[in-house]
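What follows is a set of notes on a single structure, which appears directly below.
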Amino acid sequence: MDRLRALEVFVAVVARGGFARAADALDTSPANVTRYVAELEAHLGTRLLHRTSRRVSLTEAGEAYYERARTILDEMAEAEAAATASASGARGRLRINAPLVFGARHLAPLWPRFMALNPEVELDIALTDRIVDLVEEGYDLGIRISRGGSQHYVSRKLATSRNIICASPAYIARYGAPDVPADLAGHRCVVYGYAPEPEIWTFLGADGREARVRVGIRLRTNSGDTARAVALAGEAITWQPDFLIGGDVRAGTLVPLLPGWRLPDIDILALYPSRRHLSAKVRLMVDFLAAAFHGALPWEAPTG
């Protein structure tokens, strides 16, 4: 048994959610995928996957093995990429997908610098808040704002952004400020339509307590800029990442609420389909963005 190939096949089955999809990704047959996984399980003397007619899932042993297997493959791919990057210059078209607001505010100013440093790379930037399939839609790299990372792509954390619940001084003067999260049920709130549960806001207390609150809804939107505008106008309370409202908080036009409670932070991630045979242009861009967001972040704001 080719143990390295078996690791690669096993990881692909888990990442793709099935044997047939893994076979497509690896350009082989489902029978070969099945054989490799069976041989790997026989070699280890334990079952790694639960199989049904509709899906596969990891056993307890499979979960632990999957994390180790991914680490091994990632480290090997990193070594390969480092060895070959210097031999092949960065050139050609680089397609990047990024969220609309973050892309316009914080990525757009970086592109001219990258272009000046890398004249042989042609950038193709698409901004949308829709979650795209990088492979199916032909993107080399994606930027995501996420709490959970990704099961389907390799991710590298670029930065962290705080979510801040806030309102304008005019709103507070007119409607008052909530004292505890439960008070939000009686307030006017803007909710984000793309959230899994838009009307449920989850807070963490200083002592680790979690509070889930069904808030009063004044406006529902999938646009952070819209939520910001409504909050600035004094019409509602909103929560937004500080990369969007950090300047407003610093200026005092939006005021952080609920001291002693916070919303979970979110990560800004660079995603790409695989570390194996990672092109020089993708590696160069990821390293460039990681360096650009290292240290003090331009959007950081006090939380009160």
- For Val11 and Ala69 the tightest heavy-atom approach is CG2-CB, 3.7 Å

- Task: Supply the atom-to-atom distance Leu40 CG to Arg3 CZ, rounded to the nearest 0.5 angstrom.
- Result: 8.5 Å

- Message: Using side chain to side chain donor-acceptor pair (under 3.5 Å), reason through Arg144 and Asn97 one step at a time and then give a plain yes or no.
- Response: CA-CA 9 Å; Arg144 293 285 183 272; Asn97 176 265; 3.0 Å; yes

- Check: Arg51 and Val37 side chains under 4.5 Å, non-hydrogen atoms: yes

- Query: Distance-only, no hydrogens or angles: does the Thr253 side chain make a donor-acceptor pair with backbone N or O of Asp248 under 3.5 Å?
  - Reply: yes

- Hphob cluster co-occupancy, Leu232 + Val230, side-chain heavy atoms under 4.5 angstrom: no

- Query: How long is the gap from CD on Gln240 to CG on Leu254, to the nearest 0.5 Å?
  - Reply: 9.5 Å

- Check step by step if side chain to side chain contact (heavy atoms under 4.5 Å, CB included) holds for Val215 and Trp239. CA-CA 12 Å; Val215 304; Trp239 67 259; over 6 Å; no

- Task: Keeping the roles fixed (side chain from Thr28, backbone from Ala23), state whether a donor-acceptor pair exists under 3.5 Å.
- Result: no

- For atom CZ of Arg105, decide whether the heavy atoms of other residues, nucleotides or ligands shown that lie under 6.0 angstrom number more than 12. yes

- Task: Report yes or no: do Asp242 and Ser161 form a side-chain donor-acceptor pair below 3.5 Å?
- Result: yes

- Query: So, does Asp267 use its side chain to make a donor-acceptor pair with the main chain of Leu269 at under 3.5 Å?
  - Reply: no

- Task: Could you tell me which non-hydrogen atom of Phe293 sits nearest to which non-hydrogen atom of Ala159, and how far apart they are?
- Result: CB-CB, 4.1 Å

- Task: With side chain to side chain contact (heavy atoms under 4.5 Å, CB included) as the test, would you mind laying out the steps for Arg5 and Leu26 before giving the verdict?
- Result: CA-CA 10 Å; Arg5 179 61 171 173; Leu26 297 172; 4.0 Å; yes

- Would you say Glu199's side chain and Arg214's backbone share a donor-acceptor pair under 3.5 angstrom? no

- Validation row: Leu4, Leu73 side chains within 4.5 angstrom (heavy atoms): yes

- Item | Heavy-atom side-chain proximity of Pro241 to Asn163 below 4.5 angstrom | yes

- Thr226 side chain near Leu219 side chain, heavy-atom distance below 4.5 Å: yes

- Cluster question for you: counting only ILVMFWY and a side-chain heavy-atom cut-off of under 4.5 Å, with indirect links fine, are Val180 and Phe203 together? no

- From Thr160 OG1 over to Ile266 CD1, what is the distance, rounded to the nearest 0.5 angstrom? 9.0 Å

- Query: Out of curiosity, does Leu94 fall in the hydrophobic cluster containing Ile143 (side-chain heavy atoms, cut-off under 4.5 Å, transitive links)?
  - Reply: yes

- Query: With side chains defined as the heavy atoms from C-beta onward, is the minimum distance between Arg209 and Trp261 less than 4.5 Å?
  - Reply: yes

- Report the relative orientation of the aromatic rings in Phe102 and Phe243; use parallel for angles under 30°, tilted for 30 to 60°, perpendicular for over 60°. perpendicular

- Query: Can Met115 be reached from Val121 by stepping across I, L, V, M, F, W or Y side chains whose heavy atoms are under 4.5 Å apart?
  - Reply: yes

- Message: Has Asp129 got a side-chain atom pairing as donor or acceptor with Leu100's backbone, closer than 3.5 angstrom?
- Response: yes

- Query: Does one hydrophobic cluster hold both Leu117 and Met285, with members joined at side-chain heavy-atom distances below 4.5 Å?
  - Reply: yes

- Item | Within-4.5 Å side-chain heavy-atom neighbours: Leu184 and Cys189 | yes

- Task: Test side chain to side chain contact (heavy atoms under 4.5 Å, CB included) on Leu49 and Thr59 and set out the steps.
- Result: CA-CA 5 Å; Leu49 296 169; Thr59 64; 5.7 Å; no

- Please answer whether the main-chain N or O of Gly193 pairs with a side-chain N or O of Asn222 as donor and acceptor at a distance below 3.5 Å. no

- Message: Using 0.5 Å steps for rounding, measure from the CD atom of Glu41 to the OG1 atom of Thr46.
- Response: 7.5 Å

- Item | Distance in Å, Leu257 CG paired with Asp179 CG, rounded so as to fall on 0.5 Å steps | 10.5 Å

- Item | Residue pair His187 / Pro178: nearest heavy atoms and the distance that separates them | NE2-N, 3.8 Å

- Are more than 12 heavy atoms from other residues, nucleotides or ligands located less than 6.0 Å from atom CG of Asp27? no

- Considering all heavy atoms, the nearest Ala236-Val190 contact: CB-CG2, 3.5 Å

- Message: Test side chain to side chain contact (heavy atoms under 4.5 Å, CB included) on Phe288 and Leu110; report intermediate values, then the result.
- Response: CA-CA 9 Å; Phe288 171 81; Leu110 300 177; 4.0 Å; yes

- Least distance between heavy atoms, Ala185 atom then Val213 atom: N-CG1, 4.3 Å

- Heavy-atom side-chain proximity of Leu48 to Tyr66 below 4.5 angstrom: no

- Inter-residue atom distance Ile245.CD1 - Thr238.OG1, 0.5 Å rounding: 7.0 Å

- Message: Tell me the closest heavy-atom pair linking Arg93 and Asp140, and the distance in Å.
- Response: O-OD2, 3.7 Å

- Task: Taking the side chain as every heavy atom from C-beta outward, state whether Ser168 and Val255 have any atom pair closer than 4.5 Å.
- Result: no

- Task: Report yes or no: does Arg188 contribute a side-chain atom to a donor-acceptor pair with the main-chain N or O of Glu235 at less than 3.5 Å?
- Result: yes

